[in-house]
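Just so we're on the same page: letters track the sequence lines, and every chain starts at 1.
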2 protein chains.
Amino acid sequence: MKTAFMIAYKGTRYAGWQVQDKFPSVQKTLQNAIEDLLGRSVKLSGCSRTDSGVHAREYWCHIDSLAGVPDEKLPLALNLRLPDDISVLKAVTVDDSFHSRYSAKGKQYVYVIRNSYIKDPFSPDTAYLYKKPLDADEITRIGAGYLGTHDFRSFMAARSKITDTVRTVTEFRAERDGEYIKIYVSANGFLYNMVRIMVGTVLDIISGRIRVGVAEIIERKERKAAGRTAPAQGLFLNRVFY
Amino acid sequence: MKTAFMIAYKGTRYAGWQVQDKFPSVQKTLQNAIEDLLGRSVKLSGCSRTDSGVHAREYWCHIDSLAGVPDEKLPLALNLRLPDDISVLKAVTVDDSFHSRYSAKGKQYVYVIRNSYIKDPFSPDTAYLYKKPLDADEITRIGAGYLGTHDFRSFMAARSKITDTVRTVTEFRAERDGEYIKIYVSANGFLYNMVRIMVGTVLDIISGRIRVGVAEIIERKERKAAGRTAPAQGLFLNRVFY
């Protein structure tokens, strides 16, 4: 048996999930808290790398053994040992066959845009300030071109080495909530920077910087066909499907 | 004519609105931005002092002369000169008779409680984490005792020197929004720490720490009759009525 953790974090201060030599990572910070609580070293595996500055509302990770502390006591005990910007929401005992990354059937991200010419002092780190008025329905309409199974090579950071770039996108839907627009993106898997490039491309199509549609960009299969990478601070891992 | 500004700020980094010798204040920070833009010194007056760590969604202040820059250009021009946690939402030209403090007919605050035994990594500075389950309707019911015109001396920080402590409270209403509870409090004016003591007292009545009702505490007219001062980080000035 293993122990799996559902956590949330504000990614601003971190170089992403993955342990990095020089910068604080969520993985290292949480691993330290678990090891401090259990008094032994553990191997902590996560459901995905996230980029520097990206947040998570629900991120799953696990240790390769049982924690040995009752599941219901783990969140509070670990949260006492964690900084304000990381929280353990839940701990559950799972079969040895479970792996937070390989067992995941898909994920949902949400990209948050503050769509106003006025900045919000409460969201500089948790939304992308975009000044020109946007229409949520137009975003959804353009993004419909992403739905389905495609080779998303055009939407992968150029430096990524991954060769299997076919993914199935099941949701690309924008909703307005006052001066905020939330874009929900679900897929069976994501390439490096994929959501941020998908969002940046739709914004570039709307602004006229790109004059072709999403289907044509997918077809091109090269990063330079797509648009900008939208900034990290608007992106949240929202759910992992198992 | 004068220029009035509607601003919002996250108060975490500030010793409140009012200029302080040793700590950064919202007033001083905004005044510097205005003076930098206009190239002359101005006298900036606000609608209220706010405590250290308290936030504002809508705070009004004014300068004792016309800015001389078109009202619609002021928010962007000032926001470029302000840190992330202060934003000018609007600027309007007003009569000389306007004073952001003395012209105010009343104010609405909102006090935000995260009611969960799990902390939220996105709100450590913008909500009070209260672990025992709360019922919003019970808060509203107990707080109904505040409504009306009363001497609120029991709900004023002991160190305050104010002698006229009669205020009219027109709203004390709690709403649940997921794991958050928002308590809206409106009055024609507020004493020092009044909202935080009102909220802390209701929580103390619910937890059984205080065994009398709000009416009896009002009647006692002394600070020690009331409950704790709820923490600053949950409090937002939400609206000013003119």
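Note: Y59(A) OH to L30(A) CG = 9.5 Å, rounded to the nearest 0.5 Å. The distance from atom OG1 of T50(B) to atom CG of L235(B), rounded to the nearest 0.5 Å, is 8.5 Å.
Contacts with chain A were tallied for P83(B), S87(B), P75(B), P124(B); S87(B) has the most, counting heavy-atom pairs under 4.5 Å. Ranked by heavy-atom pairs under 4.5 Å with chain B, the first of N79(A), I7(A), D120(A), T126(A) is N79(A).
Scanning both residues, V240(A) and E58(A), for their nearest heavy atoms gives CG2-O, 3.9 Å.
Applying the ring pair (Phe, Tyr, Trp, His ring centres under 6.0 Å) test to residues at least two apart or on different chains, the pairs with a partner in residues 101-124 of chain A are H99(A)-Y102(A), Y109(A)-F190(A), F122(A)-H55(B), F122(A)-F236(B).
Using a 4.0 Å cut-off between charged side-chain N and carboxylate O, D64(A) and K2(A) make a salt bridge.
A donor-acceptor pair under 3.5 Å is absent between the side-chain atoms of S103(B) and the main chain of S100(B), judged by distance alone.
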Could you walk me through whether L74(A) and L37(A) pass side-chain contact (heavy atoms from CB on, under 4.5 Å), step by step?
CA-CA 9 Å; L74(A) 282 166; L37(A) 175 68; 3.7 Å; yes
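Contacts between L89(A) and chain B at a heavy-atom distance below 4.5 Å involve backbone atoms as well as side-chain atoms. Proximity to chain B is absent for every atom of K90(A), based on heavy atoms less than 4.5 angstrom apart.
Using a 4.5 Å heavy-atom threshold, the side chains of N115(B) and E179(B) count as separate.
Among residues 8-16 of chain A, the residues having any heavy atom closer than 4.5 Å to a heavy atom of chain B are, in sequence order, A8(A), Y9(A), K10(A).
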